[in-house]
Amino acid sequence: MESSELQRITNWLIDGARSSGGPAEMVADVCEHLVGAGLPLWRFGIFIRTLHPEIFGRNFIWRQGGEVEVGTVDFDILDSPEFAQSPLRIVFEQGLEVRGRADDPDSKRFPIINDMRSEGVTDYVAVPMPFLDGSIHATSWMTRHPGGFSDDHIATIRAIMAPLARVSEIVSLRRTAAMLLDTYVGNRAGARILGGQIRRGHTDTMQAVIWLSDLRGFTALSDRLPAETVVEILNQYFDCQVTAIRGHGGEVLKFMGDGLLAVFPIDEYVGDAAHVCARVLEAARESRASVDALAFPVGEIIERFRFGVALHVGNILYGNIGGGNRLDFTCIGPAVNLAARLEKIAGRLGRTVVASEGFANVCHHGWRELGEFPIAGFSKAQRVYGLAEEAPVVMA
């Protein structure tokens with residue numbers, strides 16, 4: 001490969017690969033530029049570790065003449081036989097370059113090279129891609145060229161690694177920031193924060209359904225079980241709700257001990273109020289069934305659980321609230337306060353799902369009026385509704 005061609009590709013990467021539309025397109029462009037410049041590349045992989053509670057990393061696989069395949073792997077991969085026998089394990093753990101020629105008997109210790117041999121691969125090299133924070137990521141390069149990669153080819157691969165690592169790190173950092181914000185504050189809030197909505201007091205008014213739930217008997221549970229066990233119970237309990245909430249268009253804003261605050265925005269993108277409220281009620285029913293089915297063994301005892309959820313629809317202030325340089329992206333307003341009061345009433349009535357009059361009037365799905373109740377902070381008593389299908393349960 002001519003040095004001028006390599007420099008042109010390097011400059012393009014240093015400039016941020018601006019002509020590419022995204023990570024997958026960038027991978028394809030890099031490979032096609034290198035092939036066009038004389039590198040006999042047949043297959044390329046880039047493997048980026050992520051900062052995510054469930055995902056170990058992402059991979060982008062390019063093959064000559066094909067589309068870039070994008071995938072993710074969870075942490076179970078670290079305990080798999082495939083990873084144990086992979087050249088990438090050496091790259092990740094030791095930061096070393098690994099090469100395996102198809103005609104080299106020593107390469108038989110790597111199953112992937114045996115597999116690729118059947119596709120005509122003659123040479124394989126895995127190269128570490130260090131980021132500035134010290135973390136090690138990886139690339140893999142394969143060729144069908146007779147005799148494998150030449151010394152000049154290997155030199156080209158090594159020369160391209162530094163600019164490829166820099167642009168990959170920038171893309172990865174932005175994605176990591178988005179994923180962490182999604183994990184800790186929710187996807188809509190995360191998008192707004194990344195979009196620049198970061199100043200205290202920067203809020204928007206939004207019509208939404210408010211979901212506020214609570215685990216029954218949590219104080220007594222915390223008193224008699226070890227803290228580690230309580231945390232595990234809470235995680236499983238929240239799983240029962242979060243999956244249903246997100247599956248029906250909601251966003252979890254906050255976990256407060258055993259409490260959960262979520263919102264389901266009502267706007268032109270997700271349908272009218274009746275449509276959104278119907279989805280919220282379906283999420284509540286799914287959560288109820290999941291919590292009812294939750295059984296947690298503690299010694300010889302099987303712990304069972306009940307929860308309550310209050311549903312209300314109204315306008316909320318949604319945005320940055322806090323003090324000094326410590327902000328929280330959350331929602332406030334009388335509608336949120338009413339939902340919190342309704343959840344306490346649900347506990348007193350032994351109900352799982354209760355709704356405000358506003359929610360019940362929009363969502364006509366078998367509600368039964370439970371009475372009028374004075375609400376602290378509100379001038380008028382509020383009508384509260386429960387599902388006709390539910391019978392009240394008296395907590396011991």
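In this structure the side chain of I113 never reaches within 4.5 angstrom of the side chain of R99, judged on heavy atoms. Using a 4.5 Å cut-off on side-chain heavy atoms (C-beta onward), W367 and L281 make contact. Between V354 and L370, some side-chain heavy-atom pair lies under the 4.5 Å cut-off. Counting heavy atoms from C-beta on, the side chains of Y124 and F110 never come closer than 4.5 Å. Residues R58 and T50 meet the side-chain proximity criterion, which asks for heavy atoms closer than 4.5 Å.
Within the structure, side chain to side chain donor-acceptor pair (under 3.5 Å) contacts touching residues 368-388 (residues at least two apart or in different chains) are E369-R383. Among pairs with a residue in residues 221-256, those fulfilling ring-ring contact (aromatic ring centres under 6.0 Å, His included) read F238-F255, at least two apart in sequence or across chains.
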**Asked** Could you walk me through whether E82 and R89 pass the salt bridge (charged side-chain N to carboxylate O under 4.0 Å, His left out) check?
**Response** CA-CA 10 Å; E82 292 80 9; R89 180 183 62 82; over 6 Å; no

**Asked** Do Q241 and W211 pass the side chain to side chain donor-acceptor pair (under 3.5 Å) test, and can you show the C-alpha distance, the side-chain angles, and the key distance before you say yes or no?
**Response** CA-CA 11 Å; Q241 297 179 75; W211 167 303; 3.3 Å; yes

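The existence of a salt bridge linking K108 and D106 is excluded, since no basic side-chain nitrogen approaches an acidic carboxylate oxygen closer than 4.0 Å. Under the 4.0 Å criterion applied to side-chain N and carboxylate O atoms, R216 and E343 are assigned as salt-bridge partners. Taking the charged nitrogens against the carboxylate oxygens, R279 and E282 have no contact shorter than 4.0 Å, which rules out a salt bridge.
For A165, the side chain to side chain contact (heavy atoms under 4.5 Å, CB included) test picks out M129, with sequence neighbours left out.
In the displayed structure, R174 atom CZ is contacted under 6.0 Å by at most 12 heavy atoms of other residues, nucleotides or ligands. For E67, the CD atom counts as loosely surrounded, since its 6.0 Å shell holds 12 or fewer non-hydrogen atoms of other residues, nucleotides or ligands. The number of heavy atoms from other shown groups lying within 6.0 Å of CD1 (I301) does not exceed 12. Annotation: D151, atom CG; neighbour count of heavy atoms from other residues, nucleotides and ligands within 6.0 Å does not exceed 12. No more than 12 heavy atoms of other residues, nucleotides or ligands shown are found within 6.0 angstrom of NZ on K344.
Checked against a 6.0 Å centroid threshold, the rings of F44 and W62 do not count as neighbours. Here the two rings, on H137 and F131, have centers that are under 6.0 Å apart.
The backbone N or O of L225 sits nowhere less than 3.5 Å from a side-chain atom of T229 that would complete a donor-acceptor pair. Judged by distance alone, the side chain of S118 and the main-chain N or O of D115 form a donor-acceptor pair under 3.5 Å.
Among I245, L215, L212, D214, the one residue that satisfies the side chain to side chain contact (heavy atoms under 4.5 Å, CB included) test with L260 is I245. Tested against H153, the residues V125, L39, L41, T143 include a single side chain to side chain contact (heavy atoms under 4.5 Å, CB included) partner, L39. Among R117, R43, R101, the one residue that satisfies the salt bridge (charged side-chain N to carboxylate O under 4.0 Å, His left out) test with D123 is R101.
A chain of hydrophobic side-chain contacts below 4.5 Å, direct or via other Ile, Leu, Val, Met, Phe, Trp or Tyr residues, connects V73 to I136.
The aromatic rings of F75 and F56 lie perpendicular to each other, with more than 60° between the two planes, well past the 30° mark.
To the nearest 0.5 angstrom, C277 atom SG is 10.5 Å from H312 atom NE2.
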